[in-house]
Structure formats: structure tokens, C-alpha cells
Amino acid sequence: MRTEYLTGLNPEQLAAVTLPHASALILAGAGSGKTRVLTTRIAWLIDNNHISPFGVMAVTFTNKAAKEMLTRLSAMLPINVRGMWIGTFHGLCNRLLRAHHREAGLPSTFSILDMQDQLSLLKRVMRAMNIDEERTPPKQVQHYINGRKEAGMRAHECESYDPGSRRMTEIYAEYDAQCNREGVVDFAELLLRAYELLSRNALLREHYQHRFQHILVDEFQDTNRLQYQWLKLLAGNGSAMFAVGDDDQSIYAFRGANVGNMRDFEREFKIQHFIRLEQNYRSFGNILDAANALIEHNDGRLGKNLWTAAGPGEPIRAFEALTDHDEAAFIVDEVKQLHREGTALADIAILYRSNAQSRLLEHQLFANNVPYRVYGGLRFFERQEIKHALAYLRLTANRDDDNAWLRVVNFPARGIGARTMETVQVTAREAGLSLWNASCSHPPSGAAGKKIGEFVKIIETLSQEIAPLPLMEKIDVLLDRSGLRDYYRAEKDGEDRLENLEELLNAAQNFMHEVPEGGVEDFLAHASLEAGEHQAEVASDALQMMTVHAAKGLEFNVVFVCGLEEGLFPHENSIMAEDGVGEERRLMYVAITRARQRLYLTLASQRQLFGQTRYNLPSRFMREIPEALLQWINKRASAAIPTSTTNPTFADKRDLHGFKVGQSVAHPKFGSGVITAAEGSGEDARVQVNFDGAGSKWLMLSYARLAPAAR
DNA sequence: CCTCTCTAAGGTAGC
DNA sequence: CTTAGAGAGG
């Protein structure tokens, strides 16, 4: 028996790892060794408790976390971890649905839509239904559909009392019908289908319930309703569920996460084993004290207090700048100083609440020759050229994938215009066929029909030609026969895109290596489920910049949290929302706990946002951190700040004919409204008025007969 | 069919 | 201030 992996665990960690066969809730604070506990628990179950590797299922949210678990596990145990059910919710559901596609009512070749694909399919459905996209924004419908699916509801189960929600439900039904015709599933559908499959099919359900004696869940606070129900179904009555999470780090309510699942779990599973991991191995005491004090301001917590054996460390540095510009200058100065003193840039992170804040910082860093890396932006499999290439592959695998058809039917251009596509779409709709089948059996007449015929020929020849080839060669040939390679070769800025296409071949080869038995569908699913790295590597030692959300799970020696102002952090949109500020506070908690040694909190009293100067108050979160932990270093400010050119009273001095922003007004035609913005002065003065009935309009004050109104 | 211009909107984001 | 997406014109 091997137990060396148990050494070094603290008593709570050890207790969690060696729990008996019963469901347990592990409240794992930031930096408390959560991943280690999870993987060691699995190792211990297999090695000391004689559980088969196939009797364990472990679920994570990100591929990164799943991969990390697999890597650590294979380092601990001499077993082949491939084939174990360790993966993301979506990855495991995909696996389940591939294995039982018939029972789930799906073609074996079903493809997976990402958010973009989902939206474009939805737009098509809405256009076919003649729905006004102004009145019913597709994005909103998409949100509605995903929300319903995550609540476990199909269209016919959705109640609707008014025409608006009835329309939503109708679109939902139509959208699902179209997905079924095309043999495609969106992300939420993967989960819902898998849930329905198990709940309707007793044999299958019992099989998996019996098989997975242990179910381990990472980031439990991030699970949504459907994920929780799915886990509950799989656990049945006999399995032990080991749920690891931190309610204080729940920052994804906006995408459906339900922290309440932790309490429900505790109650519904009659949890006897509730373990808190509060010892932190990451940060110094002052940082943890700040985090603890801040999060105390939230209600309804499960309760937890982080501590460290490492001592208090440095005080938290706080800096209030006059302008966002000065704030950025301060940060860059400090970064340069730290770098001179020997801190690697890669160990320093700048965290911000929203992406819009990165621009100014980048500008300043660039001007000062500080290499940096911004997380976020397009990911590999989301790139246009990659999507095009994969659309060809999709079409060879699943002819009914209309998204794929539409994406490549005229790319590269083959003289098939919007007109022709529309004709085919109408025929397809009327005959209930996919675009591919309509192209084959009911091609348009005349020249358009000939062009469509040529496209059909291209795909058919391509399919035949690549059928016997291994995955990588399939794609290689496809790039030539589709004309994609030639297209990007001819394109003036096509070099990067060509390189990415070659990178796609590498990705395919890696996939073949990792999943030797995998087919085209598996590779396509992989591409949908794992969109890849956010950005190509740049300089080796670069400052890290990202949103606080993106920083979750990461840690850095030095962390700057910037823009600590009311309206920005907490974000103004959150203030009205139910538990909105609570979630922002948790976000701040996550930000603080990223720092190992040194933490900077910065803010600016005035800031350019969307071209307008805004005057913000310091964030309430600054006040919620005990003053004794903060070291204000504003002296630098006076030296760093050039006299500001912005006069706070400037906006009020403009001649706006006596009107001002925020005022209620009345218009003879548009009715009543509120002035939301102004520009120009005197004769040129224009104001933007958000009318109660007529929406937002820009009006010239010298022409519009605008009158002040009482509210 | 492509390119240009205009407008609108701009929180956070994994699979 | 940006940028993405939609509509108009060459």
C-alpha cells in the first residue's frame, strides 16, 4: 500500500481525503490546497480503498482543471488515467451521449454548437418565423433558451401568460426543432439531453448509478440547477458525492451558477461530513485579514476564516489617483521598480473589473516598454479561418449541419450570393429538408443551380477522398480542395491565418496522439468543447493583465487591483440586482486572495469611460478593509500628476439652453423622457433624450421644442 | 458582390 | 472613445 502522497497534508485535508463512503461537503478556501485534496482523495480511494478507477467520476468546470487533475493523479498512481471519467460537465455529458446516441435520440455524428453557432442558428430560426429582431433581440432569446434549459425545462413546459413570453416559448420550440433536424446540440442541450437520457432510461441510469460509487465535484458553488440535478440523479441512493467548493468565491451567478446548491446539497444529502479547509498556503496574513474582513460584510455565508502560518507580511498598499491616467502611471512605475528589484514580470498581475479598463494600462505599458500579456480575446478554435476549415469537416461528417453549409457554401467565393442562399433556404424550409438535402434534391433553376451543384460536387468529392485518410491528412486535403489555403495565400493579410491553419494540423495530430481511437466527430466535439488558449504566447517574461474573473484559480507574487471605484467595482449594473453587490464583494474577495506577497489597491477620482469623464467615489470595498491593514502611498501622486487639464465644472458651464443631463423633459412628439447625455454648446448643442415611449434620440436644442418637465 | 459609412452599444464568461 | 454589425451605394 502506498501512502506517501498523504504526507504533508494538514489534519483537515487528511480528514477530507480519507473520509468513509458517504457524501461530504468540503468548504475549501482560496489557496487551501483544494485540487490536491481532490486528486489525493481519488488516489486514496483507488489505492487504499480498492475502488476501481472506473468506479470514480470527477467533474470540473474547465478543461484546464480536468487536465490538471489527470496529470497529478497519474503522478501519484501507476495507473493509466485515460478512460477514467474525469472531465468537465459538458465533456462527460458528450461522452455519455456519444455512447448512447440512439437512446438519446441523436445521430451518432451530432455536432456541438458554441455560443456563436447557437446565435446564428437562432437568428435563422427567427428570420424564418418573421420575428422582428428589434423588438425581440436574438441575444435575449438565446439567454432565455439557455436559462430554460438550465432550469431543466423544455419549451412545452414553459409557462407564458403574456404575448412576449409566449413568443419566446414559441421561438424556443422552433429552435429546438431545428436543432433536431440538423442533428446539432448547444452546450445547455448537452446537459439537458444527458439528464433526460438518464431520467427516462432506468436501465442506463441504474448502470451508471451502480458504476460510479464515488462522484467528486470541483467548484461546486458554480454548478447550476441542471448540473446539480444531473449529479443527484447519477448519485442515486448509494453513491458518495464529494463536493468541493467555496461559497465566498461564487462569482458566476450571471451565467446560471446557483450557490444555493451548496445548502441544498447539505440538506438533501443529509451531509454528516462538512469539512472546512481554512489554512491558506498562498498569501501573507495581512492579505488574508483584508479578505476575511471584506467578506464578513456578506450575508448568508456558510462561514469561513482564512489563516496562515506565514506571518503578516507587508501592508496592503493603497493609492488614490486623481485621474485614471495617473493611476496607470503609478502602476507602471511600481511595476518597473519591482522589476528592477528582481521580481519577474510574469509574477506580477494587474486585475481589473472590466475589459474596457485594460486599454489605458496597455497604452502606458507599451509607452514604457514593459512587456505584457492580456488574457481574453479570441481563442484558437473561435478564429474565422479555423471555423471555416472545421465547417468543411463538419459538413463531411454531418450533411445536415446548416450552420456549416451557410458558413462555407460561398467561402471562398464561388458566386453563390445571398439571393441563391435565400432560395435554397426557402425550399429547404418548405420541404422540411436540410440545406444540403435541398441543394441536392431541389436545386435552384438556372445559373444559381449550377453553382450549387458545383458546391455539392466539391463536398462529395472531398468526402470520398478523405474518407480513408487519418485525421490530419483529412484536414490537409480539405484545406486544398476547399480553396481555403489558396484564398488566404492570396489575401494580403492572410499569413497569420495560414499559420493558424497549419496550427490546426498540429492540433489534429496531437489529438490523434492523445485519442488514437477518436474519429472526426470526436475531434469536432473536442474543438467545440475546448476552444483552446486565449492568445498566442508573446514575450516569455511578461506582465499579466486580466479581469478578476479570469484570475480565479490563479496566483501571483504581486497583484494590482485597480479601478476601485463605486460604479466600476462594484459595477453600477450590479447595484440594483438581487445579491448584486454581494457577488461583487465575492469578486473583490477573489481578487485580493490572488496575491502571495504584495497587494496594491488603486483608484482614480476621475476616469474617462466611453469618451466621457466620470467622477467616481472610492469603492465601498476600500472602506470595508480595516484601515490598519492599508498603507496609503499618495505622496507620489503630487509628484506624478501633471496639472490636470480637466475641469470638473466644465460640463455644467456649457450653454445647453438651460437644460442639463439627468433632467426630465417633454417633447411634443416623443412625449416625456430624461436627458442622458449632451454635446456641443450654444447653437450646436445636442442632447440625448431617453424617451419613455420612443426610445433614445439625439436632438438639436436649437430646433427641438423641448420643455422641462416635472417628474 | 464588395466596401464604405453609419449607428448603437459597450459587465463578468466557462463549456 | 472604440468596435462590431447592419444597411446603402459603386
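Chain letters run A, B, ... following the sequence lines, proteins first, then strands; residues in each count from 1.
- Atoms NZ (A/K139) and C1' (B/dG11) sit 13 Å apart, rounded to a whole Å.
- Atom CZ in A/R614 sits about 13 Å away from atom P in B/dG10, given to the nearest Å.
- For A/Y252 and A/F61, the ring centers are positioned 6.0 Å apart or more.
- When rounded to the nearest whole Å, the span between CG of A/D186 and P of B/dG14 equals 18 Å.
- Using a 4.0 Å heavy-atom distance criterion, A/N355 is classed as a sugar-phosphate-only contact.
- Using cut-offs of 30° and 60° for the angle between ring planes, the A/F523 and A/F381 rings count as perpendicular.
- Between the side chain of A/R353 and the base of B/dT12, at least one donor-acceptor pair of N or O atoms lies under 3.5 Å.
- Taking atom CG of A/L587 as the reference point, atom P of B/dG11 lies 14 Å away to the nearest angstrom.
- Atom-to-atom, CZ of A/R594 to P of B/dT12 comes out at 19 Å; the value is rounded to the nearest Å.
- Both tests do not hold together for A/R586 against A/Y589: distance to the six-membered ring centre under 6.0 Å, angle to the ring axis within 45°.
- Checking the phosphate oxygens (OP1, OP2) of B/dC15, no side-chain nitrogen or oxygen of A/N224 falls inside 4.0 Å.
- Toward the 5′ end of DNA chain B lies the nearest nucleotide of A/A413, the other residue of the pair A/A531 and A/A413 mapping further downstream.
- Comparing the C1' positions of B/dG14 and C/dT3 gives a spacing of 24 Å, expressed to the nearest Å.
- Looking at heavy-atom distances under 4.0 Å, A/I575 makes no contact with the nucleic acid at all.
- Following rounding to the nearest Å, A/Q249 (CD) and B/dT12 (C1') show an atom-to-atom distance of 16 Å.
- Here A/F254 lies parallel enough and close enough to stack on the base of B/dT12, with planes under 30° and ring centres under 5.5 Å apart.
- With rounding to whole Å, A/L554 atom CG is found 11 Å from B/dG14 atom P.
- Contacts of A/D222 with the nucleic acid, taken as non-hydrogen atoms under 4.0 Å apart, are absent.
- Between A/S528 and B/dC15, a side-chain N or O to OP1/OP2 separation shorter than 4.0 Å is absent.
- Rounded to an integer number of Å, the gap from NE2 of A/H549 to P of B/dG11 is 13 Å.
- Between A/R379 and the phosphate of B/dA13, there is no side-chain N or O to OP1/OP2 separation shorter than 4.0 Å.
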For this session: Please lay out, stage by stage, how A/F560 and A/Y352 fare under the test ring pair (Phe, Tyr, Trp, His ring centres under 6.0 Å).
Result: CA-CA 8 Å; A/F560 290 84; A/Y352 33 82; over 10 Å; no
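- Residue A/F610 is in base contact, counting any heavy-atom pair closer than 4.0 Å across all strands shown.
- Looking at heavy-atom distances under 4.0 Å, A/E584 makes contact with a base.
- The side chain of A/R255 sits closest to B/dG14 out of C/dT3, B/dG11, B/dG14.
- Residue-level contact check: A/K123 touches the backbone only, with heavy atoms under 4.0 Å from sugar-phosphate atoms and none from bases.
- In this pair, A/Y228 and A/F220 present their aromatic rings perpendicular. The plane angle is above 60°, beyond the 30 to 60° band.
- Seen from the ring of A/F110, A/R98 counts as a face-on cation partner, given the 6.0 Å and 45° thresholds.
- The side chain of A/N410 lies closest to B/dC1, out of B/dA13, B/dC15, B/dC1.
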